[in-house]
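Single-structure report; data block below.
When reading the values below, keep in mind they use all heavy atoms of this one structure, side chains included, and skip hydrogens, waters and symmetry mates. Just follow the structure's listing: the first ligand is 1, and inside any ligand the first atom is 1.
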Amino acid sequence: TCAFAGQKKVLAAYEEAVKCGYSGARAGRLHTPHGVFDTPMFMPVGTQATVKAVSPRELKEMGAQIILSNTYHLYLRPGTELVAEAGGLHRFMDWDGGILTDSGGFQVFSLGPLRKITEEGAAFRSHIDGSTQFLSPEIAIKAQMNLGADIIMAFDECIPYPAEYQYAKLSTERTTRWAERSQKAHTRSGQALFAIVQGGMYQDLRRVSANDLVSLDFPGYGIGGLSVGEPKPVMYEMLEQTVPLLPENKPRYLMGVGTPDCLVEAVRYGIDMFDCVFPTRVARNGTAMTKSGRLVVKNAAYAKDFLPIDENCGCYACQNFSRAYIRHLLKADEIFGLRLTTIHNLYFLLDFTKKMRQAILEDRFLSFREEFLAQYCK
Ligand SMILES: Nc1ccc2nc(N)nc(O)c2c1
Ligand SMILES: [Zn+2]
């Protein structure tokens, strides 16, 4: 194992514990006002100030450290001033762990039906009431300061896939100018602002974006514009181009990823943080995640299967209930069924990142990756 390299800096400081093997994989610790958290880490998504179908107490029990919320949604409803009056997002949703808020960049482009992007910002129609709305770096940062998350994101444009080179170039350059405006608008101490690398699927634009943002000196870096429909090998190629340009002593956050096979590849390239709606979303249509792939517990095959989803899983669902019972609940549209599949899927990913961290610390990450990928069918 390589030597320890850590330097303590204020907020979202990244203390690299161990770098191993011939991969970029590393195990670190992220310092925030709400605690010190282990990486690699998976962050459950709580878009509207709740991780759908589970309580903060259950999240704590399953080992969640930092959870995500979305500025776009909370800005539209109930409003970020209201959350500030309630004492901030931690108080509002009774979560005393870490919170990271996304800036709205992605949601505007994926949710807002009508949108117009200018140098100033993005005009869009609210998906709730169709009203005309506008987000800019200044508005998005002010909203995130109101919410009071430990880590907030610069306002960016998530470039759609595919995109013409020229469009990707102009958009990436604008995202860098927006990052600078985000930095200037960010006046709340005790809160870390991460920039977001863009560049589409173009190696040179990815490198320019990373270099420009690193020279603006942020405490951490998101990698955006990926997991937007591109083939996985293309995503990995963009990681290979981008991650080595980001400072070793700062956290790297791959946004919107993902499935376990993507996580283990991204960790190999040196990613520390992940978020994805996938585990909670597929849980709600009765799909459970296992180390051998997906198990659609709603299928008739499990009607009389009295084993748990996964016999080796330590989660509340697998410790107490059978596939037959969970299938029955899902078929009967019982809310508890969704809760059990959600609890299992979140526990599975949180436990998976813990296993990757352990493998890195014991300098056996590359063999861990091999074994996992051999068993996991995509
Ligand atoms: N795949 C994703 C997911 C979330 C994102 N959020 C922001 N702000 N920007 C992106 O490019 C994202 C990409
Ligand atoms: Zn389980």
Inset, instruction - Could you tell me whether Phe306 and Phe321 have their ring centroids closer than 6.0 angstrom? - result: no

Legend entry - Side-chain (Glu230) to main-chain (Ser227) donor-acceptor, under 3.5 angstrom: yes

Inset, instruction - Kindly assign one of parallel, tilted or perpendicular to the pair His34 and His90, based on the angle between their ring planes and the thresholds 30° and 60°. - result: parallel

Inset, instruction - Using a 4.5 Å cut-off on heavy atoms from C-beta on, say whether the side chain of Val208 contacts that of Thr172. - result: no

Legend entry - Output field: ring centroids Tyr72/Phe124 closer than 6.0 Å: yes

Inset, instruction - Please confirm whether the backbone N or O of Tyr302 pairs with a side-chain atom of Arg323, one donor and one acceptor, at under 3.5 Å? - result: no

Legend entry - Degrees at the Zn ion (ligand 2) between the SG atom of Cys315 and the SG atom of Cys313, nearest 10°: 110°

Legend entry - Atoms in ligand 1 with a heavy atom of Cys158 nearer than 4.0 Å: 10 (C), 11 (O), 13 (C)

Inset, instruction - Report the part of Ile159 (side chain from C-beta onward, or backbone N, CA, C, O) that has a heavy atom under 4.0 Å from ligand 1; answer both or neither where that applies. - result: neither

Inset, instruction - Could you check if a side-chain atom of Pro78 sits within less than 4.5 angstrom of a side-chain atom of Val83, using non-hydrogen atoms only? - result: yes

Inset, instruction - Give a yes or no on whether the ring-centroid distance for Phe352 and Phe372 is below 6.0 angstrom. - result: yes

Legend entry - Proximal atoms of ligand 1 relative to Gly224 (non-hydrogen, under 4.0 Å): 10 (C), 11 (O)

Inset, instruction - Looking only at non-hydrogen atoms, find the nearest pair between Tyr376 and Pro260 and report the distance. - result: OH-CD, 3.4 Å

Inset, instruction - Just need the protein heavy atom nearest to atom 6 (N) of ligand 1, so name the residue and atom and give the distance. - result: Asp102 OD2, 2.7 Å

Inset, instruction - Report the nearest protein non-hydrogen atom to atom 5 (C) of ligand 1: residue, atom name, distance rounded to 0.1 Å. - result: Phe106 CB, 3.4 Å

Inset, instruction - Give the numbers and elements of all ligand 1 atoms closer than 4.0 Å to a heavy atom of Ser103. - result: 8 (N)

Legend entry - Atom of His344 closest to the Zn ion (ligand 2), considering N, O or S atoms: ND1

Inset, instruction - Measure Asp156 to ligand 1 on non-hydrogen atoms and call it side chain, backbone, both or neither using the 4.0 Å cut-off. - result: side chain

Inset, instruction - Under 4.0 Å, heavy atoms only, figure out whether ligand 1 is touched by the backbone of Gln198, its side chain, both or neither. - result: side chain

Inset, instruction - Below 4.0 angstrom from a heavy atom of Gly225, which ligand 1 atoms are there? Numbered from 1 as shown, please. - result: 10 (C), 11 (O), 13 (C)

Inset, instruction - Consider ligand 1: state whether an atom of it lies below 4.0 angstrom from any non-hydrogen atom of Gln107. - result: no

Inset, instruction - Return the option from Val228, Leu226, Thr101, Asn70 holding the heavy atom at the smallest distance from atom 1 (N) of ligand 1. - result: Leu226

